[in-house]
Amino acid sequence: MIKSLLKVQLAKREMTQKQLAEATGVRLPTISQIALGTIKHMPIDALDKICTVLDCQPGDIFEHIKE
């Protein structure tokens, strides 16, 4: 199972999903789906933009949990 840690990263930076969407150019519904862990397909360019703005690695946004 893949768990999203985006909310944690945003909280660390005191940033909202809306602010992240504005900073990255990624649509707010996409950011919301990533944060909720309901996204079905993760666009690599969106992940790249998020990592650039948050100054983090993809592993800081997603975590694999063995079931």
Nearest heavy-atom neighbours spanning [X] and [Y]:
X     : Y     : result
Pro58 : Cys51 : N-SG, 3.6 Å
Ser32 : Gln17 : CA-OE1, 3.2 Å
Asp60 : Gln9  : O-NE2, 3.1 Å
Thr30 : Ile39 : CG2-CD1, 3.9 Å

Leu47 vs Phe62, side-chain contact (heavy atoms from CB on, under 4.5 Å): CA-CA, chis, key distance, verdict: CA-CA 10 Å; Leu47 182 59; Phe62 294 105; 3.9 Å; yes

Validation row: Glu63, Ile2 side chains within 4.5 angstrom (heavy atoms): no

Validation row: Leu28, Glu22 side chains within 4.5 angstrom (heavy atoms): no

Leu54, Thr16, Ile61 screened by side-chain contact (heavy atoms from CB on, under 4.5 Å) with Leu10, the one that passes: Leu54

Distance in Å, Met1 CE paired with Ile65 CD1, rounded so as to fall on 0.5 Å steps: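 Output value for this atom pair is 4.5 Å.
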
Distance in Å, Lys12 NZ paired with Leu5 CG, rounded so as to fall on 0.5 Å steps: 8.5 Å

Trace of the side-chain contact (heavy atoms from CB on, under 4.5 Å) decision for Ile34 with Ile50: CA-CA 11 Å; Ile34 295 167; Ile50 291 168; 3.8 Å; yes

Atom CZ of Arg13 with >12 non-hydrogen neighbours under 6.0 angstrom: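 For Arg13, atom CZ is crowded (more than 12 foreign heavy atoms under 6.0 Å).
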
side-chain contact (heavy atoms from CB on, under 4.5 Å) between Ile31 and Lys18, intermediate numbers included: CA-CA 8 Å; Ile31 298 289; Lys18 183 177 179 182; over 6 Å; no

